[in-house]
Student: 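Starting off with a structure, shown below.
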Protein chains: 2
Amino acid sequence: MKKLLKIGELAKQAHVTVATIRYYESLHLLEPMSKAENGYRYYDDEAVTRLLFIKQAQTLQFSLAEIQQVFDVRKQGEPVCTLVKTLIDCKIAALEQEIQQATARKTMLETYRTSWAARPLDNPSDVKVCSLIEEVRLTLNRLEAI
Amino acid sequence: MKKLLKIGELAKQAHVTVATIRYYESLHLLEPMSKAENGYRYYDDEAVTRLLFIKQAQTLQFSLAEIQQVFDVRKQGEPVCTLVKTLIDCKIAALEQEIQQATARKTMLETYRTSWAARPLDNPSDVKVCSLIEEVRLTLNRLEAI
DNA sequence: GTAAACCCTGAGGTTGGCTTGAGAGTCACC
DNA sequence: GGTGACTCTCAAGCCAACCTCAGGGTTTAC
């Protein structure tokens, strides 16, 4: 039996803060293996694994609620594969949309920037509002019409 | 001189809620042209333009704080072009990064999904944790090493 | 004249994933 | 035995961009 970790040691090993660990506990994402009489939490090595998994799942866009869901299913002794696969499919679809939208926005901004490159600065006394702002409005109106 | 708009009319024309308009006012993004004795706000047509601009700038990823910044500079009688251009450049760079990251995550998820396609469901009594979860961990570790 | 539809202020709630703070107990080392 | 590093609980704060509610006053249409 390996040495149990105190919360600070666990935090260090998993590269999170102790507050985060306690926060996860409040969400029932990670329970200490045991709690001493003085209230100190003690963790085994699996806690490190679990924390790393959480962090990794987060980089895959899993919310804590979804991670919780996965853990719950697993806790019931059922295979989580189906759930995880479904979640992954959703994530991929969501990412696809996100990428498309971001790309569209980027294209918009670039078009916009290009159309300005040759233009001199507004003369403040000349314009009611910045001509670039006006241009944004027009550009956007045109884009919205598409 | 055109007819002034009450907040509800402005809201309808600009396709926002009255609560949003009041919220923007609290951020000094949009002030009513005048305020009657009964406290009613009255707006001119420029308010519609301004609200539309805000919404459009938002679709370009401008935060309300940034929009505020643009308005502030303009209020001082200076051309906002330089600021707007700078902001746009930042947005483009940020979007680029966002797209890259999203694409990387999507690729990761797809690789992951593919590698599972042929795999049978875990037998619950067989595995300590879901093998897919383990796979995630390993996949991620590999990817992180890149 | 009355009822519906509008307007006001001010405070609080929402979402997610934490972080910070107060106030106090515990432990490890010298 | 003291002091500094650690731990505890509970509560509140943070970010952004709003939304909702309570408890009023006002206007407008019939």
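Given the structure is predicted, the values throughout are model-derived calculations rather than measurements. Residue numbers begin at 1 in each chain, while the letters A, B, ... track the order of the sequences.
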Student: Between A:Tyr24 and A:Leu51, is a side-chain contact (heavy atoms from CB on, under 4.5 Å) present by the stated rule, with each step listed?
Tutor: CA-CA 9 Å; A:Tyr24 287 171; A:Leu51 273 177; 3.6 Å; yes
Student: Polar pairs (N or O, both sides) under 3.5 Å between protein and nucleotides 15-19 of chain C?
Tutor:
unit_1: C:dG17; atom_1: N7; unit_2: A:Tyr23; atom_2: OH; d: 3.4
unit_1: C:dC18; atom_1: OP2; unit_2: A:Tyr24; atom_2: OH; d: 2.8
unit_1: C:dC18; atom_1: OP2; unit_2: A:Gln58; atom_2: NE2; d: 2.5
unit_1: C:dT19; atom_1: OP2; unit_2: A:Thr17; atom_2: OG1; d: 3.0
unit_1: C:dT19; atom_1: OP2; unit_2: A:Thr20; atom_2: OG1; d: 2.7

Student: Measure from CG on B:Asn38 to P on C:dT9 and round the result to the nearest Å.
Tutor: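 To the nearest whole Å, that distance equals 10 Å.
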Student: Can you see whether B:Tyr43 has B:Arg50 sitting over its ring - NZ or CZ less than 6.0 Å from the centre and within 45° of the normal?
Tutor: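 Verdict for B:Tyr43: no cation-pi partner in B:Arg50.
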Student: Using a 4.0 Å cut-off to any heavy atom of chain A, which nucleotides of DNA chain D are the first and last in contact, reading 5' to 3'?
Tutor: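 Under 4.0 Å from chain A, the extent on DNA chain D is D:dC6 to D:dT9.
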Student: If only atom types and distance count, is the side chain of B:Lys91 paired as donor or acceptor with the main-chain N or O of B:Gln61 below 3.5 Å?
Tutor: yes
Student: Tell me which residues in residues 89-106 of chain B put a heavy atom below 4.0 Å from DNA chain D, sorted by number, or none.
Tutor: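 Per residue number, the list is empty: none.
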Student: Which pairs with one or both residues in residues 15-33 of chain B pass salt bridge (Lys or Arg N to Asp or Glu O under 4.0 Å), sequence neighbours excluded?
Tutor: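 Residue pairs passing salt bridge (Lys or Arg N to Asp or Glu O under 4.0 Å), neighbours aside: B:Glu25-B:Arg41.
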Student: Should we count CD of B:Gln97 as having more than 12 external heavy atoms under 6.0 Å?
Tutor: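 Not buried by this count: 12 neighbours or fewer within 6.0 Å.
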Student: May I ask you to test the A:Lys6-A:Tyr42 pair for a side-chain heavy-atom distance under 4.5 Å?
Tutor: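 They are in side-chain contact.
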Student: Side chains of A:Val48 and A:Leu5, heavy atoms from C-beta outward: is any pair under 4.5 Å?
Tutor: yes
Student: Between B:Phe53 and B:Phe62, is the ring centre distance below 6.0 Å?
Tutor: no
Student: Once side-chain contact (heavy atoms from CB on, under 4.5 Å) is applied, do any residues pair with B:His15, and if so which ones, sequence neighbours excluded?
Tutor: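 Not a single residue meets the side-chain contact (heavy atoms from CB on, under 4.5 Å) criterion with B:His15.
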Student: Polar pairs (N or O, both sides) under 3.5 Å between protein and nucleotides 4-7 of chain C?
Tutor:
unit_1: C:dC7; atom_1: OP1; unit_2: B:Gly8; atom_2: N; d: 2.7
unit_1: C:dC7; atom_1: O4'; unit_2: B:Tyr40; atom_2: OH; d: 3.3

Student: Between B:Gln58 and B:Leu64, is any pair of side-chain heavy atoms under 4.5 Å apart?
Tutor: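 The answer is yes, as the side chains (C-beta and beyond) meet within the 4.5 Å cut-off.
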Student: Verify side-chain contact (heavy atoms from CB on, under 4.5 Å) between A:Asp44 and A:Leu4, making sure each step is shown before the conclusion.
Tutor: CA-CA 5 Å; A:Asp44 56 9; A:Leu4 294 178; 4.0 Å; yes
Student: Between B:Thr59 and B:Lys55, does a side-chain contact (heavy atoms from CB on, under 4.5 Å) hold up when you go through it step by step?
Tutor: CA-CA 6 Å; B:Thr59 71; B:Lys55 285 295 152 202; 5.7 Å; no
